[in-house]
Structures are given as structure tokens and as C-alpha cells.
Number of protein chains: 2
Amino acid sequence: MNEPNPTSVLSESTSETQPSVYEMIREDIISARHEPNARLKVADLAELYGTSTNPIREALQQLRGEGFVVMEPNRGARVVAIDEDFVRDIIEIEVLIEPALTKWFVSIVTDADIAELKAVQADIEKLNFADPRQHGELDTKFHQLIYDRHYNRHAAELWWKHREILRAISRRFPTSLSRRQAVLREHRELIEAISAQNAERAAAVVARHVEGSGRHIIEQMGVARRVKPPKNSI
Amino acid sequence: MNEPNPTSVLSESTSETQPSVYEMIREDIISARHEPNARLKVADLAELYGTSTNPIREALQQLRGEGFVVMEPNRGARVVAIDEDFVRDIIEIEVLIEPALTKWFVSIVTDADIAELKAVQADIEKLNFADPRQHGELDTKFHQLIYDRHYNRHAAELWWKHREILRAISRRFPTSLSRRQAVLREHRELIEAISAQNAERAAAVVARHVEGSGRHIIEQMGVARRVKPPKNSI
DNA sequence: AATAATAGAATAATGTATGATCTATTCGAT
DNA sequence: ATCGAATAGATCATACATTATTCTATTATT
């Protein structure tokens with residue numbers, strides 16, 4: 001019961017054992033401790049994480065399979081370059097998937113679920129973006145309530161993977177005031193649509209929510225890029 | 001120019017170098033030479049592919065990241081169990097993604113593209129399902145013409161990954177006569193809609209096409225399961 | 001002299017080999 | 001049926017060989 005389940009990316013939080021090398025590297029990529037485009041040298045990582053090179057290489061291969069690192073033959077691994085195109089791509093996929101997941105949620109939602117959604121939303125509003133990191137966690141929790149129980153594990157895991165990437169990026173940028181307002185408003189609209197059993201409207205709200213989030217991230221990336229030129233050029 | 005590009009799954013066919021261990025294991029999983037649910041013991045595979053255990057383990061980790069194998073801590077790797085739920089899950093995702101990809105294709109399609117589509121379709125009709133393997137290749141080529149140039153590489157690669165899995169499964173089952181007719185009809189409808197620049201209709205046809213394909217596979221799986229009971233039970 | 005070509009060293013990826021340790025499962029004895 | 005030893009196999013550490021890439025210094029050419 002206390003075993004980690006490295007196959008499923010979703011159920012990490014319940015683990016009690018110390019994180020595996022894979023989890024640590026992954027976390028360090030997501031939180032940008034390994035910067036985008038940075039080379040990941042096996043020897044360095046082995047020393048950094050206090051293991052031999054063997055587990056490092058395996059972790060990197062797994063991360064490559066998941067799309068977090070890219071590898072070139074005989075030239076090793078790099079953290080995937082997360083640029084505007086990258087974000088646009090996964091947002092476009094999410095705009096398709098999340099509304100579909102939401103529709104199904106509407107069809108099975110209970111009073112308890114809605115109460116929980118409202119509780120998380122209350123936390124979000126109380127926090128009011130004071131701590132970006134904590135906001136990110138609450139926001140993730142909010143949407144996870146909707147997606148996590150879906151029968152389509154593939155879709156749910158895809159969402160989760162994309163979510164973590166986006167969360168990692170967002171953490172590096174400020175959230176504009178207008179975007180903050182939109183987030184709160186859309187969450188409220190979503191709860192309302194779900195309560196009203198209006199699947200179509202809920203789906204539409206989610207689509208707008210995801211799209212807005214993506215647009216905001218891409219805009220922030222553009223701003224940042226214009227301010228400081230890239231230091232990780234090829 | 002003649003380097004393989006193991007990061008991108010799409011561009012394998014151009015490679016001249018001998019396939020990597022990863023590619024071989026992957027191919028053997030997809031073509032069911034490694035049966036679903038089969039244990040993948042590192043030592044056995046090392047002998048089978050004529051390498052040491054190290055590359056094997058790395059290949060397995062990558063395949064795990066891509067979802068082709070599942071791993072349990074201290075219990076090694078298994079070929080992912082491809083059951084009806086699995087197929088349903090990825091079909092549901094494809095029903096969302098493929099119409100979206102198709103819509104964009106309609107917006108950029110040229111006469112040459114349509115001619116190529118018609119040529120492949122002619123080959124398909126001429127073959128008339130005589131050789132399942134060859135039909136699978138032609139059918140893949142047909143859809144690849146539509147998806148492969150899409151700017152959203154994430155979505156295209158997701159399609160390709162799903163495609164290969166489905167192709168591998170299909171190869172194991174016969175295609176019913178009614179399904180054959182539907183495939184030909186839907187392809188023709190699709191070409192027509194694309195020629196007419198009718199993105200919505202093209203998208204609708206594709207959605208129907210994918211859904212029908214999924215339903216057919218799932219039905220065939222059910223038939224097969226009822227005939228011979230599973231020999232790889234846990 | 002300036003530039004291009006080349007050789008060689010340094011760096012690092014990739015592959016092999018082997019032993020140690022840990023875990024899960026099997027099998028036998030109680 | 002339960003316990004404990006035996007076994008299989010995964011996991012990890014280590015060392016080393018091989019190969020590809022990158023950088024530098026030397027040589028060659030114009």
C-alpha cells in the first residue's frame with residue numbers, strides 16, 4: 001500500500017518512500033533547477049544525486065520517453081526546450097481533452113464533489129495569488145478533482161503530464177491582474193455549470209479557461225524573451 | 001543526414017543504420033512477438049538481442065516512458081496489457097485529436113495533396129484487403145498524408161504512437177466485410193470533403209472513421225477473448 | 001601573414017562485464 | 001496453513017573498453 005507506482009505518474013503524492021532518481025530529476029526539470037536546454041551529463045548527475053551512472057542513464061531514458069528530455073545519438077541528453085510553440089502544442093491538445101473529460105465529470109458528479117470543488121475554490125480566492133507556488137498547487141487540485149477519477153486513464157495521465165509542464169513554466173512568470181480575475185471568474189462559472197448539470201456549458205468554460213491560460217503563458221514567455229536574450233542558444 | 005533521430009518517433013523509415021535495441025524491442029512488442037502481458041526479463045532480452053543488460057534496461061525504461069511496457073518496482077517489466085479498455089481509451093483521444101488535425105489540413109491542402117490522397121486510396125481499393133499487413137501500411141500512409149505536416153508536432157506524434165499500437169492490434173484480427181466497406185466509403189467521403197474545402201464535414205467523417213475503427217477492433221478483441229481464454233492471466 | 005586543414009588530446013557517451021545487495025516468489029519442513 | 005530457507009531476478013555499484021564529438025595546437029597552403 002505504501003509502494004510508489006512509477007508507472008502511473010498520477011499517484012505520486014501518496015508515496016512515503018524516498019523519491020527515486022527518476023522522480024528527482026523529473027522534479028528538478030519541472031521546477032527548472034535544470035534549465036531548459038541544459039545538458040544533462042550522466043557523470044554530473046550521478047554525483048549530484050549520489051548514485052552510480054547506471055540509474056541516471058535509465059532515468060534519462062524514461063524521461064526521454066515521456067518527452068521531458070531530448071537525446072541525440074552520442075551527444076547525450078538535454079532538458080527539452082520549452083518555447084512558445086511547445087506550449088501552444090500542448091495547450092491545443094488540452095483544449096480538446098479537458099472539455100471532454102469535464103463533460104463526463106458532469107454526468108457523474110455528486111453533491112460531495114461540488115462541495116469539495118467549492119472548498120478548494122474558496123481556498124484559492126482566500127489565497128488570492130499571494131503565493132504563486134501555493135496557488136499552483138490549489139489550482140491543480142481544483143482541476144484534479146474533475147479529471148482524476150475519469151475512466152480514461154490515458155487521457156487523465158496525458159492531462160497530468162501536460163499540467164505539470166505548464167505548472168512548471170507558470171511558476172517562473174507573474175500572473176497578470178486581468179488573468180487572475182479571469183481565472184477566478186472561470187472557476188466560478190465552471191462550478192456553476194457543473195452544479196446545473198450543464199455539460200456543454202461546462203465544457204465550453206473549460207475550453208476557454210485552458211485557452212486563456214495558454215495565451216497568458218505564451219504572452220509572458222514573449223515578454224521574458226524580449227527582456228533578457230536567451231543564454232542557452234545552441 | 002543519415003543519422004537516425006530516436007527522439008522523434010515519426011522519422012524512422014529513413015534510417016539506414018541498424019536498428020537500436022530500443023527499436024527492436026519496440027517493434028517486437030508492436031508486432032506481438034512479445035505477447036501482451038509477457039514478462040520482459042533483462043537477462044533473456046540481453047541474450048535475445050545480443051547485447052549486455054545495460055542497453056536493455058535503458059530501452060525498457062524508454063518504452064515505459066512511452067507506455068509500451070509497465071514496470072513494477074523489483075518485479076521488472078511486462079508488455080503492456082492491451083485490452084478493450086486500453087483501445088477504448090486511445091480511441092477516445094484520437095476521436096478528439098484527428099478531427100482537429102484534419103480541419104487544419106483542409107485549410108492548407110493543395111491539388112497535389114489531394115492527388116496523392118487519391119492515389120493511395122486507389123492502391124487501397126486495388127489491394128482490397130488481400131494482404132492485411134500491406135493494407136495496414138497503405139491505410140497508415142493515407143492518414144499520414146493528412147497529419148504528418150501538421151505544425152503541432154506533439155499532436156502528430158501522439159497520433160503516430162496511437163496509430164502504431166492500433167495497427168499492431170488490428171494485424172492480429174480479421175477485418176469484417178462490413179468494416180471493409182465502411183473504411184473505403186469513409187475514405188472516399190473524406191477525400192470529397194477535403195476537396196470541397198469543407199473542414200467541418202471532413203472532421204465529422206474522420207471522427208466517425210476513428211470511432212468505427214475502434215469499435216471494430218474492440219468487437220474483434222471480444223470475439224477472440226471468448227474463443228480462447230487468456231493464457232497470460234496474472 | 002592569414003586562413004584552412006589536420007592531428008591529437010580531452011570530454012563524454014555508449015557498451016560490456018562482474019559482483020553485491022535487495023526483493024519477491026517458490027518450495028520444503030514443521 | 002505457516003514459517004523459513006532457497007532461488008530467481010531486479011537493482012545498483014564499479015571498472016573498464018570503445019567510440020564519437022569537441023577543442024586545441026600544429027602544420028600546410030595560398
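Residue numbers begin at 1 in each chain, while the letters A, B, ... track the order of the sequences. Values in this document were obtained by computation on a predicted structure and should not be read as measured data.
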Assess the pair H154(B) and F86(A): is the distance between their ring centroids shorter than 6.0 Å?
yes
Could I get a table of every N or O pair under 3.5 Å where one atom is in the protein and the other is in nucleotides 6-9 of chain D?
residue	atom	partner	partner atom	Å
dG9(D)	OP1	K41(B)	NZ	2.6

Would you find a donor on one side and an acceptor on the other, under 3.5 Å apart, between the side chain of S213(B) and the backbone of H209(B)?
no
Between G50(B) and A77(A), just flag the one whose closest nucleotide in DNA chain C comes earlier from the 5' side.
A77(A)
D113(A) (side chain) donor-acceptor with T110(A) (main chain) under 3.5 angstrom:
yes
Between T53(B) and E58(B), which has a closest nucleotide on DNA chain C that is more 5'?
E58(B)
Need one value for T51(A): base, sugar-phosphate or nothing, where a base atom within 4.0 Å counts as base even if backbone is also close, heavy atoms only.
sugar-phosphate
Separation of Y49(A) atom OH from dC12(D) atom C1', in whole Å?
18 Å
Both L40(B) and N54(B) contact DNA chain D. Taking the nearest nucleotide for each, which residue is further toward the 5' end?
L40(B)
What's the closest nucleotide to the side chain of S52(B) if the choices are dT11(D), dA13(D), dG15(C)?
dG15(C)
Tell me, with the steps shown, if Y151(B) and W104(B) meet ring pair (Phe, Tyr, Trp, His ring centres under 6.0 Å).
CA-CA 9 Å; Y151(B) 61 87; W104(B) 185 78; 5.1 Å; yes
Let me know the distance between CD of Q61(A) and P of dT14(C), rounded to the nearest Å.
8 Å
Over 60° means perpendicular and under 30° means parallel, so tell me whether H187(A) and F142(A) are parallel, tilted or perpendicular.
parallel
M71(B) CE - dT23(C) C1' separation (whole Å)
14 Å
At their closest point, which heavy atom of G136(B) faces which heavy atom of R167(B), and how far apart are they?
O-CD, 3.9 Å
Please report, rounded to the nearest Å, how far the C1' atom of dA10(D) is from the CG atom of L45(B).
13 Å
Starting from C1' on dA15(D), measure out to CZ on R57(A) and report it in whole angstrom.
12 Å
